[in-house]
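Here is the structure we will look at.
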Amino acid sequence: MLIVTFRALFLLFSLGLAMAQTKTPPPAGVAQFEDLSHQAGLTVSHISTAEQHYIIESMSGGIALFDCDDDGKLDIATVNGSTVEHYRDGGDPLITLYHQDENLKFSNITQAAGLTRKGWGMGIAVADFDNDGKLDIFVTGFGGSALYRGLGNCKFEDVTEKAGVRGSGFMTGAAWADYDRDGYVDLFVARYVHLDMNKLPEFGSNEKFCRYKGILVQCGPWGMEGDSDLLFHNRGDGTFEEVSKKAGVDDPRHRYGLGVVWGDYDNDGWPDLYVANDAGPNFLYHNKHDGTFEEVGLLTGTALSVDGQELGSMGVDFGDYSHDGRLSIYVTNFTDQPNNLFRNLGPQGFTDVGWASKTSQPSYPYVKWGTGFVDFNNSGWLDIFVANGHVYPQVDAIPGGVKYRQPMQLLRNLRDGTFEDISASSGLAQIPLACRRGAAFGDVNNDGNMDIAILNVGEPPTLLINRARNANHRVLFKLIGTKSNRAAIGARVTILAGGVRQFSEVRAGGSYLSQNDLRQHFGLGATAKIDSVEIRWPNGKVEMLDNIAPDAVYTIVEGNGIRDTKPLPPPAIAAPGGSR
């Protein structure tokens, strides 16, 4: 442990010296968020109790941004949660689906869509598991998950039992990826704690595990038995085989699994897997290209904090925030714990630069959940968003402490390895406090700015529209696989514009139990031409495009190039002082 700590500190010191020599002026053109939740028609409350006496009541849920009818506009799905009483009586509908009928106007189409399975919803991930060109929805839940096969026009068929992915136990984070590159996406599902709904731990029954700062609270996860994780391999015939043990990702020590995300951290063309565990070391599974994985979290420096501590990890994302051509990892953690920013150093592994990057300090007091690397001002540099909210409503009785409902935070990339908290100037600080969980990111109104959808415990969701005004250019890419999986999950898009190289990957699942827009967004700053676009499809094949104009949404079909181009509105007039 000391060796790991000293190594991390040495790398941290060296990294700081290098960044000090390459510091550049901070960007301008701050994102401005407007809460349009009510006007948009997002009125259905997530289901939870006010007291939250049991751990299951505080962990839901996720939110998704995806286009369920392929009309070019993002729709929204929220995971509903439940209560002990409701669950014992059959549960609640796992999700609510909102269709975007016109610009930023949504209607609840859940029943008409066929999304009727009941239970206790937790997370959501979207992909096209049968390659029929229609997106499918997977919803994790306590006691049973659901797989809804897309039929087109936002209609779905429940194929859970037929596909063999119902699962069992306390299922939380889910993410799709074609880990063996056979053309069909597979499904990883994390599980949290073992819980018997008929023998729930009594509120405040254990002095060691059911108290927080002197007050009685829900019990766990400390002192509770964990559970193994699941990996469903897609057979290509509409059914799946559970292969977690055979693949080496079953977690035999039964950690408390929450957020999960796939990403190619070592640039070898094969998707790897990161799992955030609550109150234990996190997992980084390296893909061995033969259907199996090697867990390398401790070896790479991504399992623990910079000082070797096990943290309560929840939300996760991959992103190249420093333009060094490698995916780094951001992890959100429990209250009085720093968030981790694991910077990818290539063959040397990762180093936790959370404190040095100034991403840990702002969120330290809060309980942190949904998160993402997103370029909110189209500068070409990834910022970080964090959704916060406590697990104990009882903390409101602690004088001078953080409260149950907490603020959201936006950390702007200063391009020198550090970030600045701009929550106040972006308008986030003016939005009413809530207890938040999942967060999803996408361009909801197709104006070229990235927006945010957030799940609020016991309340309707929040939709934040980004009204950033600057002259920065941007571009979005929608990918369609032919030989690869149809939704191109795992494809990597790399662009070169203005001498700056950026890349991102198509992901199905991430943040905290949530799903982002599958389209890949890039901010370009003042650059008015994209010199090249490289697409590495999930099967490893590479295609190149040259001299692409910005300010458009491009649909690209594997092997056939650009199929469709939809222009974005012209960039807004820059504020005085310009927009770098």
Side-chain angles (χ1 to χ4, degrees), residues 42 44-48 56-66 68 74-82 91-98 110 115 117 119-127 135-142 144-148 165 167 170-176 187-192 257-262 274-276 278 313-317 331-332 367-372 385-389 391 408 434-442 444 452-464 507-518:
L42 307 179
V44 178
S45 288
H46 171 267
I47 302 168
S48 185
I56 190 172
E57 296 175 308
S58 62
M59 305 309 294
S60 176
I63 191 166
L65 290 172
F66 72 110
C68 67
L74 292 180
D75 309 298
I76 299 175
T78 59
V79 181
N80 289 327
S82 190
D92 290 287
L94 291 175
I95 60 172
T96 297
L97 178 61
Y98 298 95
T110 309
L115 305 172
R117 181 175 287 249
W120 197 316
M122 289 290 158
I124 186 167
V126 176
L135 292 177
D136 313 303
I137 304 172
F138 183 76
V139 188
T140 61
F142 175 82
S145 298
L147 177 59
Y148 292 109
V165 294
F170 197 155
M171 291 167 284
T172 51
W176 299 88
L187 177 64
F188 180 85
V189 180
R191 294 197 287 188
Y192 192 45
L258 288 176
V260 300
V261 65
W262 293 90
Y274 191 80
V275 181
D278 193 359
S313 298
M314 269 83 86
V316 290
D317 198 19
V331 184
T332 57
V367 181
K368 291 82 70 176
W369 303 88
T371 192
F385 174 87
V386 180
N388 303 312
V391 291
M408 297 170 285
C435 185
R436 309 184 193 278
R437 292 294 183 266
F441 310 95
V444 177
I452 312 173
I454 306 149
L455 192 287
N456 303 317
V457 176
E459 299 178 25
T462 297
L463 176 61
L464 300 178
R507 297 198 183 95
S511 180
Y512 179 73
L513 318 188
S514 294
Q515 172 68 53
N516 298 331
D517 184 357
L518 292 172

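Listed here is the closest heavy atom pair of G509 and V261: O-CG2, 4.0 Å. Counting all heavy atoms, side chain and backbone alike, N456 lies closest to A434 at OD1-CB, 3.9 Å. Of all non-hydrogen atoms in G62 and I124, the two that sit nearest each other are C-CG2, 4.2 Å. A pairwise comparison of heavy atoms in P460 and S45 identifies CD-OG, 3.2 Å as the closest pair. Residues I454 and L464 approach most closely at CD1-CD1, 3.7 Å, considering heavy atoms. Scanning both residues, G438 and S514, for their nearest heavy atoms gives CA-OG, 3.3 Å.
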**Report entry** side-chain contact (heavy atoms from CB on, under 4.5 Å) between Y512 and L455, worked out
**Finding:** CA-CA 10 Å; Y512 179 73; L455 192 287; over 6 Å; no
Query - D317/T371 under side-chain hydrogen bond (donor to acceptor under 3.5 Å, both in side chains): CA gap, chis, key distance, verdict - result: CA-CA 7 Å; D317 198 19; T371 192; over 6 Å; no
Requested in this report: Under the side-chain contact (heavy atoms from CB on, under 4.5 Å) rule, what do I95 and I137 come out as? Steps first, then yes or no, please.
Outcome: CA-CA 10 Å; I95 60 172; I137 304 172; 4.2 Å; yes
Query raised in the report: Can you list the steps and then say if N388 with V367 is a side-chain contact (heavy atoms from CB on, under 4.5 Å)?
Result: CA-CA 5 Å; N388 303 312; V367 181; over 6 Å; no
Report task. Run the numbers on V444 and L65 for side-chain contact (heavy atoms from CB on, under 4.5 Å), then give the verdict. Result -> CA-CA 8 Å; V444 177; L65 290 172; 4.0 Å; yes
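With a 4.5 Å cut-off on side-chain heavy atoms, M408 and F385 count as touching. Side-chain atoms of M122 and S145, non-hydrogen and from C-beta on, never get closer than 4.5 Å to each other. With contacts defined as side-chain heavy-atom distances shorter than 4.5 Å, the pair N80/L94 does not qualify. Side chains of R117 and L147 form no contact here, defined as non-hydrogen atoms less than 4.5 Å apart. The shortest distance between side-chain heavy atoms of M59 and T172 does not fall below 4.5 Å. Residues L115 and V139 have side chains not in contact (no heavy-atom distance under 4.5 Å, counting atoms from C-beta outward).
Checking side-chain atoms of Q515 against main-chain N and O of F441 turns up no donor-acceptor pair under 3.5 Å. The main-chain N or O of G370 is never found under 3.5 Å from a side-chain atom of S511 such that the two would form a donor-acceptor pair. Under a 3.5 Å cut-off, the side chain of R437 and the backbone N or O of I63 do not form any donor-acceptor pair. A donor-acceptor pair is defined here as one N or O able to donate and one able to accept, closer than 3.5 Å; such a pair exists between the side chain of T332 and the backbone of K368.
Side chains of T78 and H46: a donor-acceptor N/O pair is absent below 3.5 angstrom, by distance only.
To the nearest 0.5 Å, atoms OH (Y274) and CZ (F188) are separated by 12.5 Å. Atom CG in L74 sits 16.0 Å away from atom OH in Y98 (nearest 0.5 Å). The distance from the CH2 atom of W120 to the CD atom of E57 is 5.0 Å, given to the nearest 0.5 Å. Once rounded to the nearest 0.5 Å, the distance linking CH2 of W176 with CG of L187 reads 4.5 Å. For the atom pair CG (L97) and CZ (F66), the distance works out to 5.0 Å, reported to the nearest 0.5 Å.
Applying the disulfide bond (SG atoms under 2.5 Å apart) test to C435 and every residue at least two apart in sequence or in another chain returns nothing. Applying the side chain to side chain donor-acceptor pair (under 3.5 Å) criterion to D278, with sequence neighbours excluded, gives Y192.
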